[in-house]
Amino acid sequence: MSENVVHLHKNPEPADEPAAVTTLTVVPDPAPAAPVPLWVRSGRAVKNAATHERTTATARAIARHSLYTINGGRIVARRTWDGKTGARYERMLRAAEAAGNYEVAEEWEERLQRFREARHRRRMDLLHSPVDVAKGIAVGTGMGIGTLVALGVVMAINNGDIADVITPLAATIDFIGLLIRIVQVVWGPALTIGPFLALLALWAVGSKQQAAPAWALPDNIRSSEGEPITPSIVVKALRDLGVPALRNAIKEMGDAGASMLGPIRIAGCGVEVDVTLPSGVATNEVQNRRRKLAENLTRHEHEVFIMIPEAARTVRLWIADSGALDEPIGPSPLVTDETMTANYKTGKAPWGQDLRGDAAELSVYQRHLLVTGLSNQGKTAALRALALWLALDRSVQFWIADLKGIGDWAMFEGIAQVLIEGPSDDHVIQATEMVEDAVEEMNRRIEARRQDPTLVFEPLIVVVDEAQLAFMCPVVGDDKRPYGGAKATSRYFMAVRKIHNQGRAVDVLMWQGTQDPTDQNLPKLVREGAHTRASLVVGTESQAEMALGAKAVNAGAAPHLLRQGLDKGTLVVASDGITIPAGQASITVRTHFIDDEPAAEIAARAKALRDGITTLRVVERGAERDALADVAAVIGDASRLRTNEVLKRLHALDPATYGDQWTNDRLKGLLEEYGEEPKKSHGVMVVHRDHVLRALAHRDEEGSASTAG
């Protein structure tokens with residue numbers, strides 16, 4: 001096979017043979033593409049512009065603000081309609097009837113009837129009001145003119161010019177004319193600007209209520225808002241919970257699981273619904289999946305609470321509105337109501353609000369109290385709020401040991417008979433001896449009650465804040481008994497146990513606050529001796545059981561699921577002294593925070609109710625006491641006190657020294673020794689402060705005279 005070679009350059013020498021002919025094939029260029037029609041290109045450009053992110057954001061903003069104005073008008077119209085008619089009452093009446101709560105329905109029907117009667121009276125009054133208004137205007141005008149003329153007469157007499165009689169009247173007429181001219185000038189612009197101001201006001205109402213569809217709201221609001229809770233959402237959340245038996249049962253139900261749900265009720269800043277679980281599904285299987293259930297409901301874990309009511313195979317879900325639990329609950333009534341008083345026996349302390357938004361009030365009558373939780377979560381504030389309320393009952397005595405010692409309880413100076421402040425071992429020893437003195441007081445009261453069953457004693461509240469320091473104290477006393485610990489030889493432990501066992505019968509009560517509970521710093525017998533147990537956030541479920549008891553935790557109490565730092569002041573409470581929904585073992589309370597300054601103001605009101613309380617700062621044991629000086633101290637600023645009251649205060653000052661052996665006769669002998677004695681006032685023996693001070697002066701004079709001799 002021969003190959004033809006094509007030379008690209010000219011051959012200088014002619015070839016002997018004729019050159020080969022090469023055939024070239026020309027390939028034509030491809031045909032140009034058909035031009036895209038103008039309408040197609042225009043459509044694509046319009047589509048790109050319409051779907052651009054800036055365009056959609058602008059469209060959403062325009063729609064949002066327009067709907068804010070429109071829906072703001074609708075909200076204002078509805079509020080006006082509700083205020084002028086009985087629509088609100090009828091709406092509540094229908095809701096109560098639909099829920100089967102006929103007692104509430106009757107109450108709303110009665111309110112509606114009262115509203116209609118009041119509205120009828122107002123309408124009847126309108127028939128007479130034009131005449132009354134006309135008379136009032138005529139009388140007012142006449143009195144005004146007469147007053148101005150009288151003022152002019154006074155001016156004329158004073159100035160000696162008869163023309164001054166009409167000067168006040170002329171000045172008033174000029175002033176009215178000036179007002180008319182101002183109105184004439186402002187009226188035109190006001191008519192122009194007024195509609196815009198009205199639209200702005202409607203926009204503000206709609207903006208505050210976020211009165212626009214979800215698609216028109218800003219991204220940050222749409223992402224933070226949870227879906228409204230409906231039956232289908234609850235059933236779907238349960239179906240996707242990861243419990244096979246529950247998922248299969250829902251699929252097999254003809255009504256897609258709706259029969260499991262009770263009515264969804266508004267409960268405070270959220271909703272509440274009872275779920276009857278199908279056979280084969282245990283309540284703890286739902287409890288243990290709280291986080292997953294919350295996320296299925298588009299909520300955070302802390303916004304869903306799962307409780308176990310009395311009904312079998314039933315869980316009660318409380319689902320908060322998104323972000324509602326992060327809002328403050330407002331000030332304590334103790335701060336806002338300066339007329340509030342307390343009653344130890346029948347009253348309840350305004351402690352805070354429950355999750356429904358209702359007031360959470362606690363009775364402290366004959367109930368030992370334990371408040372625990374992690375550090376810096378509001379334990380002292382919660383405990384102190386109760387004490388501040390109870391201090392408004394002048395009959396209540398306080399012995400307080402603050403083992404933190406940074407002034408949290410300083411405002412009780414002048415209220416408490418004993419106030420110990422400090423974290424050292426010496427302060428713990430003093431606190432232990434204070435509790436032991438309370439045991440002696442309890443035993444004295446029990447013996448007195450045994451002799452006279454009708455005796456009634458003033459309540460004695462023994463408060464130990466940061467009690468874990470007392471349980472963990474390593475000091476051993478001279479009697480070889482440790483102050484701390486959880487054994488039968490521990491002085492603090494045994495003193496608390498004795499008060500828990502018998503104190504409530506004679507109104508000697510133990511209140512303790514402690515941190516980060518363990519078996520070492522909060523022994524089992526002590527924590528179970530408290531009638532009211534409250535827990536802030538704790539680290540583990542086992543600590544939750546220590547704080548509240550296994551029964552409450554098994555029934556849904558979950559202080560270990562609260563958020564440290566974010567849920568400050570939120571307590572889970574197990575007590576018969578607070579109203580707990582039927583079937584539940586605990587209740588979650590968001591306590592009112594009372595800062596140091598308002599706390600001092602409340603304490604000042606409590607001091608005003610009391611009469612010269614002398615606060616003992618250090619508990620001295622075994623020291624020689626100056627009885628006459630102690631009498632002067634317990635009288636304080638009072639001009640006189642009944643002898644029984646003086647003896648009672650002496651006993652509170654030092655029970656070991658001023659025990660049962662101190663009687664009226666001994667007190668009388670003490671004063672007679674220095675030329676004074678108790679006198680009768682209105683038939684009652686009293687000790688006068690001036691007499692005691694004179695006795696002290698006589699004693700000092702005798703002492704100085706003997707020294708000089």
Side-chain angles (χ1 to χ4, degrees), residues 269 325-344 347-354 357-364 369 371 373 375-422 459 461 463-466 511-513 515 532 534 536-537 565-571 573 577-578 588-613 615 617:
C269 56
L325 295 184
D326 296 326
E327 297 294 329
I329 64 171
S332 169
L334 286 172
V335 177
T336 58
D337 184 3
E338 295 184 359
T339 63
M340 177 172 285
T341 59
N343 189 298
Y344 162 74
K348 289 189 174 183
W351 211 7
Q353 292 181 2
D354 61 15
D358 297 330
E361 299 177 329
L362 180 71
S363 170
V364 299
L369 175 66
V371 179
S375 175
N376 194 31
Q377 299 304 303
K379 167 183 53 62
T380 298
L383 193 63
R384 190 178 69 182
L386 295 176
L388 286 170
W389 172 79
L390 194 55
L392 298 176
D393 183 342
R394 61 180 299 174
S395 68
V396 179
Q397 304 175 25
F398 289 93
W399 295 2
I400 300 174
D402 174 16
L403 299 183
K404 185 184 295 180
I406 60 173
D408 288 337
W409 294 84
M411 68 286 301
F412 277 82
E413 174 82 30
I415 297 176
Q417 280 82 1
V418 179
L419 179 59
I420 299 167
E421 295 180 293
I461 309 298
V463 181
V464 179
D465 196 9
E466 306 297 341
W511 289 10
Q512 295 182 97
Q515 286 184 17
T532 296
L536 296 144
V537 57
L566 297 177
D567 289 326
K568 281 188 176 183
T570 299
L571 286 165
V573 185
I578 193 169
T588 301
V589 176
R590 303 171 68 197
T591 58
H592 296 294
F593 175 69
I594 304 176
D595 210 344
D596 290 344
E597 185 175 343
E601 295 175 359
I602 298 169
R605 300 206 307 263
K607 292 174 189 176
L609 299 174
R610 297 164 188 264
D611 190 10
I613 296 295
T615 299
R617 282 285 186 172

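Model, not experiment: these values are computed from the prediction. Basis for what follows: all heavy atoms, side chains included, without hydrogens, waters or symmetry-related copies.
Contact between M411 and A603 at its shortest, heavy atoms only, is O-CB, 3.4 Å. Across L571 and A382, no two heavy atoms sit closer than the pair CD1-CB, 3.8 Å. The heavy-atom pair separating M340 from L334 by the smallest distance is SD-CD2, 3.6 Å. Contact record, F398 with A387: CZ-O, 3.7 Å, taken as the closest heavy-atom pair. I594 and A385 get closest at one heavy-atom pair: CD1-CB, 4.1 Å.
The structure places CH2 of W511 at 5.0 Å from CG of L390, a figure rounded to the nearest 0.5 Å. Taking CG of D408 as the start and OG1 of T380 as the end, the distance is 5.0 Å to the nearest 0.5 Å. With values rounded to the nearest 0.5 angstrom, I329 atom CD1 is found 10.0 Å from D354 atom CG.
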- Taking it one step at a time, do R384 and D596 satisfy salt bridge (charged side-chain N to carboxylate O under 4.0 Å, His left out)? CA-CA 10 Å; R384 190 178 69 182; D596 290 344; 3.0 Å; yes

- Item | Full working for salt bridge (charged side-chain N to carboxylate O under 4.0 Å, His left out) between K379 and E466 | CA-CA 9 Å; K379 167 183 53 62; E466 306 297 341; 2.9 Å; yes

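The side chain to side chain contact (heavy atoms under 4.5 Å, CB included) test with I415 is passed by exactly one of R394, K607, Q397: K607.
A heavy-atom distance below 4.5 Å is not found between the side chains of T570 and V537.
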